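Small disclaimer: the values here were computed from a predicted structure and weren't measured.
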Amino acid sequence: MPRDNRTPSPDAPVYTGPERLQKVLAAAGVGSRRACEDLIFRRRVTVNGRVAQLGDKVDPATAVIHVNGERLQADTRLVYLAMNKPRGVVSTMADEKGRTALADFLNNRVEQRVYHVGRLDADSEGLLLLTNDGILAHRLMHPSYGVQKTYLCEVAGPIPRNLGKRLAAGIELEDGPVSVDAFRVVDSLGRTAQVELSLHEGRKHIVRRLLAEVGHPVSRLVRTAIGPIRLGDLRSGRTRRLTNAEVAALFKAVGD
């Protein structure tokens, strides 16, 4: 992958046709043009499955480019953001009822029209991805790609020792069974506990319904990861651009 993890500059050029490959790589944040030429010379770059050569021209809007085996999104019109959605905010870009929505936190810093990947109900908080890359968004949300989501939940305690095994084995809900990929107790304080669970389901309110079904209703829910992207220390209500490495990891998560 590129040797630095810079994101493309918001002022990066918007291409209207083929450009020299090293110029496209440099604009995407891979490195200087000379460094990009060196990567091409050392056969570390492929375009549409073919090893690139110095002098190649590509159309960033259509070319599938890999650097050191990892996908690089070179189309500077595409935007990838992580957001920490606050509690009480609806998961829509704009709300017809006048409630606080996601676009209210962008402060006009993104010229392109972006959409949220997946949803969090108004009472939940944590990581959302925002992008105008419709193909990637579809794959991240589609259950067939099995992209894992991780949640930190405050629930009614105490937690029995076998709960993780029960959840992994599967729980029958009214709309079908669901099982978790991972489960652990983070903290237990008598009548309240914090648990972390991961699953690749995307059904509505699935985490809340699952934990309520096994007798541990959720009082607070925070999504901490979507595939390889983690919430980290991103403050509530803030957004940040994903790095090239993070975008590449998302493509890898959906098999590209």
Undergrad: Assess the residue pair Leu130 and Val79 against the criterion (side chain to side chain contact (heavy atoms under 4.5 Å, CB included)); give the C-alpha distance rounded to whole Å, side-chain angles, the decisive distance to 0.1 Å, and a yes or no.
TA: CA-CA 8 Å; Leu130 306 176; Val79 176; over 6 Å; no
Undergrad: Within the 4.5 Å heavy-atom criterion, are Leu140 and Val254 side-chain neighbours or not?
TA: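 Sidechains of Val254 and Leu140: in contact.
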Undergrad: Would a distance-only check, ignoring hydrogens and angles, find a side-chain to backbone donor-acceptor pair under 3.5 Å from Arg223 to Leu127?
TA: yes
Undergrad: Look up atom CG in Leu234 and atom OG1 in Thr239, then write down how far apart they are to the nearest 0.5 Å.
TA: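 These two atoms lie 7.5 Å from each other.
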Undergrad: Between Lys204 and Asp121, is there a side-chain heavy-atom distance shorter than 4.5 Å?
TA: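 Asp121 vs Lys204: side chains apart.
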Undergrad: Closest heavy-atom contact between Val47 and Ala52?
TA: CG2-CB, 4.1 Å
Undergrad: Kindly work out whether a path of hydrophobic side-chain contacts (I/L/V/M/F/W/Y, heavy atoms less than 4.5 Å apart) joins Met83 to Leu106.
TA: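 Shared cluster, yes.
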Undergrad: Checking side chain to side chain contact (heavy atoms under 4.5 Å, CB included) for the pair Arg20/Arg33: CA distance, chi angles, key distance, verdict?
TA: CA-CA 10 Å; Arg20 287 192 178 276; Arg33 288 198 192 182; over 6 Å; no
Undergrad: How far apart are the closest heavy atoms of Ala61 and Asp75, and which atoms are they?
TA: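 Smallest interatomic distance, heavy atoms only, reads CA-OD2, 3.5 Å.
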Undergrad: Is it true that a side-chain atom of Arg99 and a backbone atom of Ala122 form a donor plus acceptor pair closer than 3.5 Å?
TA: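 Side chain of Arg99 to backbone of Ala122, a donor-acceptor pair under 3.5 Å: no, none is there.
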Undergrad: Could you give me the CA-CA distance, side-chain angles and deciding distance for Asp123 and Arg208, then say whether salt bridge (charged side-chain N to carboxylate O under 4.0 Å, His left out) is met?
TA: CA-CA 11 Å; Asp123 289 333; Arg208 292 182 182 275; 5.4 Å; no
Undergrad: Is it the case that the side chain of Lys85 and the backbone of Leu102 share a donor-acceptor pair, with hydrogens and angles ignored and the cut-off at 3.5 Å?
TA: no
Undergrad: Which distance, rounded to the nearest 0.5 Å, do you find between the NE2 of His116 and the CE of Met141?
TA: 8.5 Å
Undergrad: Is it the case that the side chain of Asn48 and the backbone of Val64 share a donor-acceptor pair, with hydrogens and angles ignored and the cut-off at 3.5 Å?
TA: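 Looks like yes, one N/O pair under 3.5 Å.
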Undergrad: So, for Ala137 and Val117, which heavy atoms are closest and what is the spacing to 0.1 Å?
TA: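 Taking every non-hydrogen atom into account, CB-CG2, 3.9 Å.
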Undergrad: For Gln112 and Asn132, test the side chains for any donor-to-acceptor distance below 3.5 angstrom and give the result as yes or no.
TA: no
Undergrad: State whether the side chain of Thr150 and the backbone N or O of Thr224 hold a donor-acceptor pair below 3.5 Å, judged by distance alone.
TA: no
Undergrad: If you count every heavy atom of other residues, nucleotides or ligands that lies below 6.0 Å from Asp233 atom CG, does the total exceed 12?
TA: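 For Asp233, atom CG is not crowded (no more than 12 foreign heavy atoms under 6.0 Å).
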Undergrad: Under 4.5 Å between any side-chain heavy atoms of Leu72 and Val45, yes or no?
TA: no
Undergrad: From the options Arg241, Glu246, Gln73, select the one residue that forms a side-chain contact (heavy atoms from CB on, under 4.5 Å) with Tyr80.
TA: Gln73
Undergrad: Can you name the nearest heavy-atom pair linking Ala248 to Arg71, along with the distance?
TA: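 In terms of heavy atoms, the two residues are closest at CB-O, 3.1 Å.
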Undergrad: Taking C-beta and beyond as the side chain, do Leu78 and Leu136 meet within less than 4.5 Å on heavy atoms?
TA: no
Undergrad: Should the heavy atoms of other residues, nucleotides or ligands under 6.0 Å from CD of Glu172 be counted, would the total exceed 12?
TA: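 It does: Glu172 CD has more than 12 such atoms within range.
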Undergrad: Identify, with sequence neighbours excluded, every residue that meets side-chain contact (heavy atoms from CB on, under 4.5 Å) alongside Phe41.
TA: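 Counting only residues at least two positions away or on another chain, Phe41 forms a side-chain contact (heavy atoms from CB on, under 4.5 Å) with Leu54.
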Undergrad: So, does Asn162 use its side chain to make a donor-acceptor pair with the main chain of Lys165 at under 3.5 Å?
TA: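 Flag not set: sc Asn162 to bb Lys165 has no pair under 3.5 Å.
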Undergrad: I'd like to know whether Asp38 forms a side chain to side chain contact (heavy atoms under 4.5 Å, CB included) with Arg34, so could you lay out the CA-CA distance, the side-chain angles of the two residues, the decisive distance to 0.1 Å, and finally the verdict.
TA: CA-CA 6 Å; Asp38 182 60; Arg34 180 169 294 183; 6.0 Å; no
Undergrad: Rounded at 0.5 Å granularity, tell me how far CG in Asp187 sits from CD1 in Ile159.
TA: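 Spacing of CG (Asp187) from CD1 (Ile159) equals 11.0 Å.
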Undergrad: Can any side-chain N or O of Arg220 pair as donor or acceptor with the backbone N or O of Glu125 at less than 3.5 Å?
TA: no
Undergrad: Which distance, rounded to the nearest 0.5 Å, do you find between the OH of Tyr151 and the CG of Leu120?
TA: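 Rounded to the nearest 0.5 Å, the OH-CG separation comes out at 6.5 Å.
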Undergrad: Give, for atom CG of Leu189 and atom OG1 of Thr192, the distance between the pair rounded to the nearest 0.5 Å.
TA: 7.0 Å
Undergrad: Run Val114 and Thr131 through side chain to side chain contact (heavy atoms under 4.5 Å, CB included) and show every step you take.
TA: CA-CA 5 Å; Val114 296; Thr131 184; 5.8 Å; no
Undergrad: Does His205 have any ring-ring contact (aromatic ring centres under 6.0 Å, His included) partners at least two apart in sequence or in another chain, and if so, which?
TA: none
Undergrad: I need the minimum non-hydrogen distance between Ser179 and Ala169, along with the two atoms involved.
TA: CB-C, 4.5 Å
Undergrad: Compare all side-chain heavy atoms of Thr46 with those of His66 and state whether any distance is below 4.5 angstrom.
TA: yes
Undergrad: Determine whether Arg119 and Thr92 make a side-chain contact, defined as any pair of heavy atoms from C-beta on separated by less than 4.5 Å.
TA: yes
Undergrad: Shared ILVMFWY cluster between Val195 and Ile171, side chains joined below 4.5 angstrom?
TA: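 Both belong to a single hydrophobic cluster.
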Undergrad: How about Arg50: does its CZ atom have over 12 heavy atoms from other parts shown lying under 6.0 Å from it?
TA: yes
Undergrad: Is there a chain of hydrophobic side chains (I, L, V, M, F, W, Y, each step under 4.5 Å between heavy atoms) that links Val178 to Leu221?
TA: yes
Undergrad: Does Phe251 reach the side chain of Asp133, with side-chain heavy atoms less than 4.5 Å apart?
TA: yes
Undergrad: When hydrophobic residues are tied together by side-chain contacts of less than 4.5 Å, even through go-betweens, does Leu129 share a cluster with Tyr145?
TA: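 Yes, because Leu129 and Tyr145 connect within a single hydrophobic cluster, where side-chain heavy atoms sit under 4.5 Å apart.
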Undergrad: Taking atom CZ of Arg166 as the centre, does the number of heavy atoms from other residues, nucleotides or ligands within less than 6.0 Å exceed 12?
TA: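 No, the 6.0 Å shell around CZ holds no more than 12 heavy atoms from other groups.
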Undergrad: Measuring from atom CG of Leu173 to atom CD1 of Ile206, what distance do you get when rounded to the nearest 0.5 angstrom?
TA: 5.0 Å
Undergrad: May I ask whether Val90 and Val222 are part of the same hydrophobic cluster, defined by side-chain heavy atoms of I, L, V, M, F, W, Y residues being less than 4.5 angstrom apart, directly or through others?
TA: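 No, Val90 does not connect to Val222 through the hydrophobic network.
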Undergrad: Please give me the minimum heavy-atom distance between Pro60 and Ala74, naming the atom from each residue.
TA: CB-O, 3.6 Å
Undergrad: Please tell me if the side chains of Asp56 and Ile40 come closer than 4.5 Å, counting only heavy atoms from C-beta onward.
TA: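 SC-SC contact between Asp56 and Ile40 ruled out.
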